[in-house]
J.: 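Take a look at this one; I'll ask things after.
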There are 4 protein chains.
Amino acid sequence: MRKPAARPRAASRAGAGSIPERYARTRSATVALAAPLSAEDCAIQSMADASPVKWHLAHTTWFFETFVLSPRGVAPFDPAYRTLFNSYYVSVGDRHPRPQRGLLSRPSLDEVLAYRAHVDEAMARLLDAGSLDPAGLALVELGVNHEQQHQELILTDVKHMLSCNPLRPAYRKTWPLTAVHASPSRWIPVAGGVREIGHAGAGFAFDNEMPRHRVLIEDFEIASHPVTHGDFLRFIEAGAYRRPELWLSAGWDAVLARGWEAPAYWERRDGEWQTFTLHGMAPVEPNAPVCHVSFYEAEAYARWAGARLPTEAEWEIATAATPIEGNFLESAMLHPLAPREDPGDGALAQVFGDVWEWTRSDYAPYPGYRPAEGAVGEYNGKFMANQYVLRGGSCATPASHIRATYRNFFPADARWQFSGLRLARDVA
Amino acid sequence: MRKPAARPRAASRAGAGSIPERYARTRSATVALAAPLSAEDCAIQSMADASPVKWHLAHTTWFFETFVLSPRGVAPFDPAYRTLFNSYYVSVGDRHPRPQRGLLSRPSLDEVLAYRAHVDEAMARLLDAGSLDPAGLALVELGVNHEQQHQELILTDVKHMLSCNPLRPAYRKTWPLTAVHASPSRWIPVAGGVREIGHAGAGFAFDNEMPRHRVLIEDFEIASHPVTHGDFLRFIEAGAYRRPELWLSAGWDAVLARGWEAPAYWERRDGEWQTFTLHGMAPVEPNAPVCHVSFYEAEAYARWAGARLPTEAEWEIATAATPIEGNFLESAMLHPLAPREDPGDGALAQVFGDVWEWTRSDYAPYPGYRPAEGAVGEYNGKFMANQYVLRGGSCATPASHIRATYRNFFPADARWQFSGLRLARDVA
Amino acid sequence: MRKPAARPRAASRAGAGSIPERYARTRSATVALAAPLSAEDCAIQSMADASPVKWHLAHTTWFFETFVLSPRGVAPFDPAYRTLFNSYYVSVGDRHPRPQRGLLSRPSLDEVLAYRAHVDEAMARLLDAGSLDPAGLALVELGVNHEQQHQELILTDVKHMLSCNPLRPAYRKTWPLTAVHASPSRWIPVAGGVREIGHAGAGFAFDNEMPRHRVLIEDFEIASHPVTHGDFLRFIEAGAYRRPELWLSAGWDAVLARGWEAPAYWERRDGEWQTFTLHGMAPVEPNAPVCHVSFYEAEAYARWAGARLPTEAEWEIATAATPIEGNFLESAMLHPLAPREDPGDGALAQVFGDVWEWTRSDYAPYPGYRPAEGAVGEYNGKFMANQYVLRGGSCATPASHIRATYRNFFPADARWQFSGLRLARDVA
Amino acid sequence: MRKPAARPRAASRAGAGSIPERYARTRSATVALAAPLSAEDCAIQSMADASPVKWHLAHTTWFFETFVLSPRGVAPFDPAYRTLFNSYYVSVGDRHPRPQRGLLSRPSLDEVLAYRAHVDEAMARLLDAGSLDPAGLALVELGVNHEQQHQELILTDVKHMLSCNPLRPAYRKTWPLTAVHASPSRWIPVAGGVREIGHAGAGFAFDNEMPRHRVLIEDFEIASHPVTHGDFLRFIEAGAYRRPELWLSAGWDAVLARGWEAPAYWERRDGEWQTFTLHGMAPVEPNAPVCHVSFYEAEAYARWAGARLPTEAEWEIATAATPIEGNFLESAMLHPLAPREDPGDGALAQVFGDVWEWTRSDYAPYPGYRPAEGAVGEYNGKFMANQYVLRGGSCATPASHIRATYRNFFPADARWQFSGLRLARDVA
């Protein structure tokens with residue numbers, strides 16, 4: 001078991017501190033993420049799924065202005081921003097089309113940073129006055145969590161953008177990774193039965209994690225470790241990307257249509273696999289968790305390995321007792337790492353941080369799910385179709401953002417997130 | 001309650017009779033479906049999702065030739081057909097690309113019917129000799145059920161093809177429908193608990209219905225009747241196709257991208273909604289179940305109505321006691337009808353036949369699911385991604401093909417099947 | 001020089017005979033082209049550029065009904081056909097979308113043939129009565145020439161459709177081609193100066209061939225023979241399809257985007273080039289004119305050969321004295337052939353028939369061009385953009401349809417016509 | 001006639017001065033164009049046809065490095081730039097794909113400006129030493145003219161990019177335009193005959209303007225003035241964008257597919273037409289030349305007006321005597337203006353500058369055309385397909401860049417250049 005001494009990040013969790021403190025800490029963390037980037041880096045959109053960093057900086061600010069400041073009579077910084085930086089909130093009005101976010105050279109990065117400062121000042125006045133009603137405070141809490149999600153997207157989107165540049169430039173030039181020893185995975189049995197999953201209690205959670213509810217699972221086993229690069233190399237070397245029988249039909253279509261022959265960002269150079277990281281090109285480390293795989297690749301890998309993906313209920317039940325610590329955004333590694341020590345008998349390694357883990361579950365409402373009221377109710381429920389759930393957070397997730405009940409979701413072909421997998425299997 | 005006298009179709013269920021009898025009956029039923037069609041009608045493919053009738057006639061034959069006759073040494077009718085009429089069985093070898101099935105004027109319809117006769121003769125010899133091993137008999141059973149699925153597709157695909165013709169020609173000119181009185185829907189309570197769903201026992205079922213397994217459901221209520229055209233007209237008149245807040249995000253994208261403003265096949269003529277049927281254009285009958293709606297439309301309707309779609313487990317548990325009778329292919333109505341009598345207190349109307357009912361469940365493997373061995377194992381499991389489950393069969397489903405455990409599945413935007421919905425809701 | 005005895009086809013030219021005779025001869029020739037085809041063959045559309053044979057049969061009939069019969073009070077055979085079989089005549093009203101012509105299983109081929117018979121009968125009455133005004137007679141003449149164009153398209157479109165079938169079925173099974181000896185090409189000098197091109201005089205010509213007008217050309221040389229398969233094989237073997245420097249930029253884009261590595265219909269089988277013909281697959285005959293090449297391929301070939309394509313003015317002036325004889329539709333070869341005899345000193349071989357010859361000229365109005373009046377004025381002038389002129393007719397062109405002044409036109413990437421080339425070069 | 005006093009720009013023509021002077025002047029003019037833009041403005045690519053300003057700055061520099069410095073042994077600034085900033089020169093090696101030029105946040109604008117300074121320094125050394133051979137000097141001349149072309153593209157591309165921003169930001173905020181009086185167009189007769197067009201003599205011209213050669217034209221008339229906004233408004237008000245009979249078939253397809261209902265950049269605001277300019281939104285000035293129309297719109301306008309477009313030979317002959325003066329880039333108007341004075345009897349107004357004028361001529365090689373040797377030979381001839389010729393330069397063209405023989409070319413649907421038209425007509 002990891003000892004408390006090994007958990008320096010616990011102290012920095014956003015859960016700690018008052019709302020005004022958490023607001024301030026989160027807002028400045030976002031700006032810090034943009035610090036290594038030029039105005040040009042922040043302006044470009046490399047695909048429709050991704051957004052420019054500048055847009056993330058503005059949209060997270062728009063959230064507080066639209067949902068907290070405007071209803072309380074604070075005049076907008078610039079009325080045009082209401083449309084420009086709306087993401088998908090239909091009830092708030094028009095939106096600038098998502099695939100055209102990269103066409104906005106104006107407002108400039110400097111103007112967007114001024115927008116942030118302006119809103120932060122108004123928010124500070126509001127928060128310091130202590131006059132904010134509970135509904136308002138709940139919106140601030142939601143906005144902080146919303147902004148943390150965009151912190152992760154800033155990193156995954158800028159990684160994709162930089163990867164499109166033939167120069168393969170680094171977000172950060174330092175390369176902090178050190179070689180490690182293998183820590184082989186074991187099967188951990190989990191007892192079935194009627195159990196509970198989902199969020200309950202006082203802490204913040206998104207509406208999609210609620211209500212806490214009963215589920216029935218059967219006995220199963222889960223892998224102590226995520227699948228590693230070394231594991232996945234054997235899958236590739238077994239010809240998996242040329243063997244349709246290993247894939248879902250839609251997955252095989254994706255392999256052919258997009259010419260996949262390895263995870264995203266992998267390149268074969270001089271006969272060796274390398275991968276693009278936020279530190280530039282790097283050799284594939286065999287003991288680190290495999291990353292940037294789609295649901296289709298995760299599912300095919302599991303089939304090839306004679307196992308399967310866990311459901312999200314299985315994942316949540318199996319990991320319920322695992323402390324929330326790991327390689328998060330705050331470690332500044334910005335890349336999944338190999339485990340530094342063995343988790344010990346019966347314990348799971350790298351559950352939180354490093355890589356999001358695909359589950360076999362589609363993203364659907366929990367029994368009794370009710371979306372939040374008003375425009376913020378468009379936040380989560382709108383996307384409950386054709387997406388699969390990922391769990392556990394990644395090396396780009398703020399430590400204070402993740403929970404065992406946290407449900408991330410992406411389409412089955414998405415690969416630009418830090419997405420990996422952990423195997424499960426039925427008990428014979 | 002419906003009385004036995006009201007169930008004339010029960011006698012004609014394919015479950016009745018020996019395998020040779022069922023084989024012969026199913027094979028001739030398929031040819032009968034093509035009888036009203038010209039060679040031209042049978043050659044055309046109107047979209048990539050649909051296939052020409054001639055292809056269905058040949059592919060169902062190919063199934064028996066490839067999986068039953070060839071392994072037992074029977075020479076192929078024409079070796080080229082092995083590729084031409086393979087659907088997606090990767091392990092069987094090359095396939096003619098699906099969107100190009102409509103480019104095959106040769107072999108002619110006559111040649112394909114000769115192919116059918118040739119294979120039927122060889123199959124009859126094999127079946128009459130009684131020498132077929134149990135694995136062979138199981139493949140014949142699978143082939144009969146496979147062919148029944150294509151019987152339904154022949155009708156839905158030819159309906160789509162005819163609808164593309166500005167003349168809106170009929171498949172059958174007779175119009176058997178008569179006006180009916182409304183039978184209002186009631187909420188039927190269903191008790192929750194740990195229950196079982198899925199297939200077990202001796203009768204035929206597809207691999208995706210197995211294994212029978214435990215599920216946990218909570219108390220809920222289900223509508224006694226499917227949603228009707230009249231119900232859906234109110235949804236349209238409430239401006240639903242212009243109100244994004246009623247839709248899943250992906251559903252709203254589909255509404256905009258495809259210009260949906262009513263179910264498929266509806267046309268506004270002289271201020272009145274009509275719909276294209278296999279009998280030609282007809283007025284929209286308010287008491288008949290709504291049909292040709294996508295999962296997105298079903299889901300939005302339920303939200304607008306203050307309810308939700310049932311999960312497939314809820315659907316199966318709620319309908320477990322319902323007798324399998326209704327408006328099936330054998331009724332020759334070829335269109336969903338209004339109920340002729342009230343089902344009685346606590347009973348569900350129109351569970352089977354008329355329209356497939358969308359559920360809230362994505363199409364996923366049951367716990368412990370194992371695909372069938374060999375090439376036929378590609379049958380069902382390959383498609384377990386990005387599809388939603390429909391239950392109950394339709395007016396185009398052979399009566400003997402449907403079961404309470406039967407899982408049909410289509411993508412969330414599919415509308416050319418006879419797809420409708422039944423509401424469910426949580427107990428407050 | 002070819003002797004008059006070698007020109008048996010001259011007698012059958014449509015120019016011969018009265019208008020009623022030419023009408024009757026042309027109409028029955030069209031039906032004869034469909035005789036080897038089944039109703040299925042006639043219903044299918046293999047690409048948006050091509051039309052089903054049934055549509056050609058109906059549309060040519062629609063022309064006479066719409067422009068000759070209807071204005072003279074003859075009731076339409078079926079009012080719906082006015083829209084269904086309109087090609088692009090905007091002033092006539094709505095049109096069935098071109099890419100959806102292959103979705104029409106109804107009217108059936110039999111009904112379309114009945115439509116033809118009905119219109120032919122009404123036309124015969126009108127023509128026999130001798131009461132048709134000169135404008136009406138001119139429209140009949142135009143309709144006959146229009147139908148001859150569609151005779152060629154019936155063959156090129158059905159060839160494309162059959163080529164999409166992996167069985168590579170033949171339109172006609174007989175293979176009439178015999179081996180021949182090479183007849184090497186020579187450079188023929190043509191004197192420049194102010195000359196005249198275009199149509200003048202009494203015979204029929206399309207509006208785009210008029211007015212006859214002066215052009216200035218410089219001295220040049222033209223090849224006595226079209227480029228042959230043998231010539232083109234050397235181009236392929238020189239790696240031309242992998243050498244961007246030989247191509248126009250748009251041509252190279254087409255090579256890459258469509259994976260061209262030889263003319264259309266060529267397939268490499270057992271190390272040998274074969275080509276799909278209306279008689280099925282056949283070896284590539286080195287002495288026959290190369291065929292089914294795009295403007296881009298023709299232009300690149302010419303560059304590689306150190307020559308260029310002629311302009312249409314050069315072509316017309318160089319061929320003005322050449323008798324109109326050759327391998328036309330009436331020869332029933334349905335494929336370009338090698339020359340049977342040398343044309344003699346200073347004479348050009350295979351100018352007419354065999355293959356259309358791409359020129360360097362875009363399809364533009366002649367100085368003083370005036371489109372015909374009324375709806376038929378949409379016939380030619382509407383297409384004067386982004387097309388290149390071809391001259392001389394092909395093995396699928398009716399002999400009586402072609403003239404030295406005849407201007408055919410297709411986009412630079414079209415390959416499904418019988419299109420080849422003849423080289424020209426500047427005088428040093 | 002305009003007096004010399006009215007031609008202040010003549011002095012600044014690049015033709016004046018030595019090659020080193022012209023090199024220096026052109027290079028600094030390019031940088032000056034980028035001065036009002038931020039690094040973000042310079043990084044974004046708004047469509048595949050356009051390039052980021054930063055790419056233009058780098059590519060024009062690449063030209064001198066690749067064709068002048070590298071062959072003379074000067075080490076490259078950065079070897080990666082050889083691929084990154086190659087446009088289409090296949091013989092120079094790989095190219096970064098054109099539609100992905102907007103994905104390059106690195107090198108930064110500062111680095112690109114450093115690249116420019118580095119190459120300028122090396123070029124200055126070479127030019128000052130006077131050691132450059134004639135071939136080298138010719139390449140410098142070509143490079144200067146090449147860079148002038150990109151100066152115009154910088155403006156048209158940045159205009160398109162800014163227009164995509166809902167804020168409609170200005171490139172320059174000043175609005176220098178003043179109201180003017182109408183100067184009505186007259187028909188100017190031009191005598192036909194055998195004439196000469198094309199470039200000959202000592203001054204610079206592109207290879208596509210050569211050789212000077214004889215053409216035959218007939219008597220015709222040309223409009224003294226370009227078509228104005230006021231003229232074009234009448235075309236719009238006549239319903240032209242809803243009347244297919246006015247359009248080429250391909251033009252009408254473009255109208256429907258792209259929803260055109262006015263020239264590019266026009267917006268109807270409060271019932272009045274405004275247009276986006278490099279100074280922001282402005283009312284449509286009726287007396288200024290119409291601009292941002294495609295060839296299709298120009299051609300349709302001419303048909304509606306009972307006239308036609310001139311051929312490029314007609315245009316060149318009619319304008320041969322017109323002095324090269326007008327509203328060019330150096331005027332800093334950056335928008336077409338209404339004429340300030342009447343040109344006088346028999347003279348043509350606004351021939352040069354203001355707007356490029358579409359001709360009826362496709363972009364084809366002149367008789368005897370030979371591309372330049374080596375990689376620079378890919379400059380012009382590669383594009384001689386599916387493009388139409390424009391003449392006369394625009395308000396974004398450097399004054400010293402234009403000639404009466406100058407041939408610009410764009411596809412028939414391009415609208416983002418400053419493209420207008422001048423009418424011609426046959427003599428009855």
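Worth knowing before you read on, the calculation uses all heavy atoms, side chains too, and leaves out hydrogens, waters and symmetry mates. In what follows, every chain begins at residue 1, and chains take the letters A, B, ... in the order their sequences are listed. Everything numeric here is computed off the predicted structure, so don't read it as measured data.
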J.: With only heavy atoms counted, which part of C:Leu84 is less than 4.5 Å from chain B, the side chain, the backbone, both or neither?
T.: side chain
J.: Within the structure provided, determine whether C:Asp41 and B:Ser108 are in side-chain contact (heavy-atom separation under 4.5 Å).
T.: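 Side chain of C:Asp41 against side chain of B:Ser108, heavy atoms only: no contact under 4.5 Å found.
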J.: Under a 4.5 Å cut-off applied to non-hydrogen side-chain atoms, are B:Gln45 and C:Ile44 in contact?
T.: no
J.: Do C:Lys54 and B:Glu40 come within less than 4.5 Å of each other through their side chains, counting heavy atoms only?
T.: yes
J.: How many angstroms lie between atom SG of B:Cys164 and atom CD of C:Gln100, to the nearest 0.5 angstrom?
T.: 6.5 Å
J.: Is it the side chain or the backbone of C:Leu104 that comes within 4.5 Å of chain B heavy atoms, both, or neither?
T.: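 Contact with chain B: backbone and side chain both.
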J.: Do you know which two heavy atoms are closest between C:Asn165 and B:Ser105, and how far apart they sit?
T.: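 Distance-wise, the nearest heavy atoms are ND2-N, 4.2 Å.
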J.: If you take all heavy atoms of B:Ala80 and C:Leu167, which pair is closest and at what distance?
T.: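 Closest approach of B:Ala80 to C:Leu167, heavy atoms only: CB-CD2, 3.4 Å.
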J.: With a 4.5 angstrom heavy-atom cut-off, is it the side chain or the backbone of B:Leu37 that approaches chain C, or both, or neither?
T.: side chain
J.: For C:Leu162, is it the side chain, the backbone, both, or neither that has a heavy atom closer than 4.5 Å to a heavy atom of chain B?
T.: side chain
J.: Other residues, nucleotides and ligands only: do more than 12 of their heavy atoms fall within 6.0 Å of CD on C:Glu261?
T.: no
J.: Would you check if C:His96 and B:Pro166 make a side-chain contact, meaning some heavy-atom pair closer than 4.5 Å?
T.: yes
